Amino acid sequence: MQSNFTETFMKYVFIVCASLSILSIILIFYFIFEGGVPFILEEGIGNFIFNEVWRPTASNPSFGILPMVVGSLVVTAGAIIIGVPIGVLSSIFMAFYCPDWLYKFAKPAINLMASIPSIVYGYFALRLFVPFFRDLMGGTGMNIVTASTLLGIMILPTIIGLSEASLRAVPKEYYSASVGLGADHDRSVMRVMLPAAKSGILSAIILGIGRAIGETMAVILVTGNQPAIPNDLNQGVRTLTTNIVLEMGYASGRHREALIATAVVLFIFIIILNTTFLFVKNRGGND
Amino acid sequence: MTKKFSFIKILVWAAGLFTLGMLLFIVGYIFYNGIPHLSASMFEWDYSTGNVSMMPSIISTLIIIGASLLIAGPVGIFTGFYLVEYADQKSKFLPIIRLATDTLAAVPSIVYGLFGMLLFVYQFEWGYSHFAGILTVTIMILPIIISSTEEALRSVNDSLRMGSYGLGAGRLRTIFTVVLPVAMPGILSGVILAIGRIVGESAAFIYTLGSSSSMISSLGDSGRTLAVHMYMLSQEGLHVDESYAVASILILIVLFINGLSNLIGNRLGSGGK
Amino acid sequence: MANTKFKIKDLDFYYGDFQALKNINMDIEEKVVTAFIGPSGCGKSTFIKTLNRMQDLVSYARVDGLISLDGQNIYEKGYDANLLRKKVGMVFQHPNPFPKSIYDNIAYGPRTHGIKDKTQLDQIVEESLQAAAIWDEVKDKLDKNATAISGGQQQRICIARAIANDPEVLLMDEPTSALDPISTGKIEELISELKEKYTVVIVTHNMQQAARISDKTAFFLTGEVIEFDDTEKIFSNPTDQRTDDYISGRFG
Amino acid sequence: MANTKFKIKDLDFYYGDFQALKNINMDIEEKVVTAFIGPSGCGKSTFIKTLNRMQDLVSYARVDGLISLDGQNIYEKGYDANLLRKKVGMVFQHPNPFPKSIYDNIAYGPRTHGIKDKTQLDQIVEESLQAAAIWDEVKDKLDKNATAISGGQQQRICIARAIANDPEVLLMDEPTSALDPISTGKIEELISELKEKYTVVIVTHNMQQAARISDKTAFFLTGEVIEFDDTEKIFSNPTDQRTDDYISGRFG
Amino acid sequence: QEGTINVVSREDGSGTRGAFVEIVGVVDENDDDMTTTSAAIQNGTNGVMQTVAGDPNAIGYISLGSLDDTVKAVTVDGAEATPEAINAGEYPIARPFVVAWGEDQSDVSADFLTFIHSQEGQTIVEEEGYIAVDASASAEDEESSEEASSEETTEEASSEETTEEPAEGEESAGAEEAASEEETTEEEASSEETTEEESATEEESTEEESGSVVASLPSYEAAGLEGTIEVVGSTSVTPVMEVLAEEYMALNPDVTINITSNGSSAGIEAATGGAADLGMSSRELTEDEAAALNQANIALDGIAVVVHPESTVEDLSLETIRSIFLGEVTEWEEAAQ
Ligand SMILES: Nc1ncnc2c1ncn2[C@@H]1O[C@H](COP(=O)(O)OP(=O)(O)OP(=O)(O)O)[C@@H](O)[C@H]1O
Ligand SMILES: Nc1ncnc2c1ncn2[C@@H]1O[C@H](COP(=O)(O)OP(=O)(O)OP(=O)(O)O)[C@@H](O)[C@H]1O
Ligand SMILES: [Mg+2]
Ligand SMILES: [Mg+2]
């Protein structure tokens, strides 16, 4: 029999555990913001975010990250367009369409996909996607579309893994009920099972988008990394993350602060994204 | 009306096959480029520029996976318990935790790297070390484990909880003996995802674990994971072939770990089958 | 009355190794209410679910023998199981409303089968809920989630959902088990109305109910049909001793 | 017979804004079978679940008023809800066996409350299954998953599970709704036996059942107790017109 | 060769890029890096190699030590990119590898440095495809480093420019190659002049001692020390450092050397903060950094200009390369003229 003490004690253990993630995020906040916010204030928020010129090492340096902001947005949007539909559909495939013999092989395969290091994806894309898109679109082949495609693929396992789990968690009775009403498999899955798993799928998508925004080591190899606002899909872009990774190894002084400030902006982006989704999710979950 | 929706079938199959095809393609590409370059000398205990041995990296990778799961596993699962089984679903604390975990989940690896470096390596003066690397990735995988645990727990039918409470079982017993076994597969898929994240990570490690190629002798040592090892081998273009060989081994290790955790999961989650 | 709707010949059914139905032969007539009675675990649910191929969903289940609907073998290759299930509606033993609004639950079937028109749907929803004797209780909360209502209400929602689909045959697995006498009365009334147009198969543990509303009754025992005859005959003068024992409560 | 087990005073109950129970006052006596009857959705399940604080688990539920067990307020701060639920066992309206083996289902309660000994557990499991009239059906598959059996079997497993816990009070929410007459008869027998030692509260839609087995009956209507009296009185000579209407089927 | 030139460059701040733009002259009058904004940026040698190897129209530059046959190095003004040519002063594009250390240098760390600058050490440097540097020059530099850095500080304080990459590059290039402090001063004096002149100066100074310096270096003898040395920094320096460390550990079995490879700035920061005994850098230290640290060059690395292996381009003039990277020449047809 569980004593009341153990119950209460464990309850507090659980609360402490739950608080740890808040603590972690606060620590990360603190360290990143401490490094970046003073710089942003000095430079002026507008002048940092809406300035188009990034020339950190020039004799008259200019720290404008608008191109990177645009780059991140564009590439992430592209990744969502490619990755989310394929990911969600694939998870439906895995949960409701995949024959058993294939599933035995496909399930570990998807898990494996999540474990392949970014750099491998990067070199893979550099060797195969870049020439492909160069032939298709002209230019260097290191462009928005290439990066979006690569990211779209890279976020697949994240989306598929969690979406599939929540699809499988939907009680089978719903499916039986739908089929019992003469709905075919497709409709039962799309109209009953999918909506019932909505909230899980949404968090899978958020995680996926988070991965897309945060991905660096692979993207860096295929986006061209030009710090300029693109006006065509076949141009290269630089994302906020690649901006940090590219120059962090060498930056010092104000340049370095500017990079940490870039991380701050990235952070704020993510928070906006998450809050929006939290809001949408709460609204969506209430009906 | 069957016909009207049959394009869904095509769509779903196409997506599934695309994903699998892409994976096969990538894995094939890695094996094609890597397997021929494997040699026994790459598994010697000590690294040298001559053998570019991946043994130290394999050991470090396994240690880091083990240690960070040892921390993030319980913490993440317990957080899930709190969120689903304890917290008042209307409390203000809940959205805060959720926002925190969602944000943690979206923090880019490179930011984790910088953070780990600033806090563990410099502030705590641990230097580049397994400690710093482990703690950094622990925080990184925490949200993955939390959210998959949360989803899995929520999907457990309430009537089961009712059944258990109705017999006078406390929350703890209900959670551990009734809810957890049912939720196990979901939690496990989160754990596997987390392992994947660790194995595939490089940016966060470079700034915390460092990239020492020597065999670990204490957790205070710097080291490198397989992914970092790959990165290091390929970065200067000197050992590109070997880096694919490392990637091949990495894939085999991941498959092995997946198999193992499925086995464990089946044990834990089978209940009374 | 003489038209045969379902013809079942030499039906065997297995869950894995376990044989749940043994050599069932039965003709279910059109526009007639057929009741299945028998002790718990004797295979009533199993059998009723073979009639609209719901057992297809149990991966380890296996059906042997022949079931034909209107003269066509429903287990034949190429037979459209979805169309079958539209024609042969079902109310499950455990209420299983979708986690959607009450309205969407009822409208699900009609929408599946192509009805888009809002006013038409509204009408179907109201009529079905009326028929299932639950309209008054839920008419103000049609947009509420159908899983947060009482057990009996859920059961009636499921009945309404099945009716909304306008089936030819309605299979009901203990449809009034969670209902009070009044609702039960209304459902029984509904069944009597339905039989004007439809064929109804009902599983029930309530002997009086079977006697009251059915025309034919089948008595099941451990996977076999012991006796299948006019309800009157079964309840007044059963051929088999075991049937007699069961309905008079002397069994076991 | 006169000992009061539960004393309920001025009980109001809310699901969010919806008031499901209104000003309930009732004394439930020890070693007596009390039946709750009333139309679907009238609040029977809601009420029965307040007696062992199962409603604590519904986050948006709110209880007002007083319920005391053996003179102690069970909603008092510091009152051990787990101990309460051990003492006040419950069989739910929908069978909810754990997805574990049949054996583990039954042994769950005893194990929770500290019984480890294998032979003792074996004995409890067998006795409980016997009492719930399902031993013969499952004795060869005790290690099978308790979710892959028929609906009625699941219900009896849940009854056995509750009995195995050796409670003082047993709350049963339509325990025989999915059962055939024979199993029902056995459960009713069980209830008569139990009342020697325990207090039993049963929700039922079956008037005959209520009349047969209960000593006291409460009639619920839209969240209120209309009448609560000796069963005999209720069924032969109810005070309230509505009670009369309901039990004679003239209601609504 | 026809078509648009796809320019591939390294990231801003990279030692390779710094040296490349400075020597080739991809800078404006303020010595600001003027690499065309349409250049694709890769953050590692391998990234550049893979990009160029996969794109027939690409041109990039990489560390000579990493050059292999997946790409083709063009000759610059007729000179082939080889250590010999660099030593002979024929091939103009090269940059130094630097190590830096803080105030309290441990004995083992000092001994390791001695080893690097010994005949044995510099032989390894050459074997790895880099260019050896003169030990005595470095040794002197070591001793007088404090003085030298204060000199730098004064000088640069008087200059109008905030970042003086060319000047600094010039200075340490001088430090390696020149045998005496006099020459260093001379070259510093010329630091304000244009890049063409600078490279001319460089050529001059290297001409004075063409051929390898290895033979003239002192031999290393193991001192039998024990301890651990943390080496942190530049990814470009890492490969040669690893070999050096291995060789050293073979001679001094009680010494452990840990190498962490995470970028020049990280290395310098680690050295400043004390997390590293030696910081590796493939760029010059900034004046702040130089004031806080001691530094020495351990090797010279050539920078090869590379194109696709099937490209028909064989030779480019320094001026053409400059125009290409400035974005003035965008078509291979133009470049070929
Ligand atoms: N979880 C819930 N949330 C909100 N309302 C509920 C919930 N459960 C039940 N109700 C409502 O409370 C009222 C009483 O429900 P309760 O389950 O107690 O009825 P009941 O008497 O047990 O009926 P039945 O015989 O159909 O089981 C009903 O109107 C029902 O819709
Ligand atoms: N999914 C299943 N897997 C394996 N065996 C099953 C399954 N469902 C039912 N059975 C077994 O098949 C037999 C017939 O079950 P069925 O559900 O048809 O009984 P029933 O007549 O509907 O009983 P009840 O009146 O209790 O609902 C029972 O012995 C039961 O244990
Ligand atoms: Mg059944
Ligand atoms: Mg109820």
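These figures come from a predicted structure and were not determined experimentally. Reminder, nothing fancy here: chain letters follow the sequence lines and each chain counts from 1.
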Legend entry - With C/Y15 via ring pair (Phe, Tyr, Trp, His ring centres under 6.0 Å) - residues at least two apart: C/F13
Inset, instruction - Return the set of residues passing salt bridge (Lys or Arg N to Asp or Glu O under 4.0 Å) with D/K139 (not counting sequence neighbours), or none when no residue passes. - result: D/D136
Inset, instruction - Evaluate whether atom CG of C/D17 has more than 12 neighbouring non-hydrogen atoms of other residues, nucleotides or ligands under 6.0 angstrom away. - result: no
Inset, instruction - Side-chain contact test, heavy atoms from C-beta onward, threshold under 4.5 Å: evaluate it for C/E174 versus D/S177 and give yes or no. - result: no
Legend entry - Any donor-acceptor pair under 3.5 Å from D/D180 side chain to C/H205 backbone: no
Legend entry - Per-residue contact mode, C/S150 against chain D (heavy atom under 4.5 angstrom): side chain
Inset, instruction - Flag yes if more than 12 heavy atoms outside D/K22 fall under 6.0 Å of its NZ atom; otherwise flag no. - result: yes
Inset, instruction - Measure the spacing between NE2 of D/H94 and CG of C/N96 and express it to the nearest 0.5 Å. - result: 10.5 Å
Legend entry - Pairing residues for C/R156 by the salt bridge (Lys or Arg N to Asp or Glu O under 4.0 Å) criterion, not counting sequence neighbours: C/E137
Inset, instruction - Considering non-hydrogen atoms only, spot the tightest contact between D/Q93 and C/G152 and give its length. - result: NE2-N, 4.3 Å
Inset, instruction - Answer yes or no: are there more than 12 heavy-atom neighbours, outside C/E224 itself, under 6.0 Å from its atom CD? - result: yes
Inset, instruction - Tabulate, in ascending numerical order, the residues of residues 41-52 of chain D having at least one heavy atom closer than 4.5 Å to a heavy atom of chain C, or enter 'none'. - result: D/G41
Legend entry - Ring-face cation of D/K144 near C/F18 (centre distance under 6.0 Å, axis angle within 45°): no
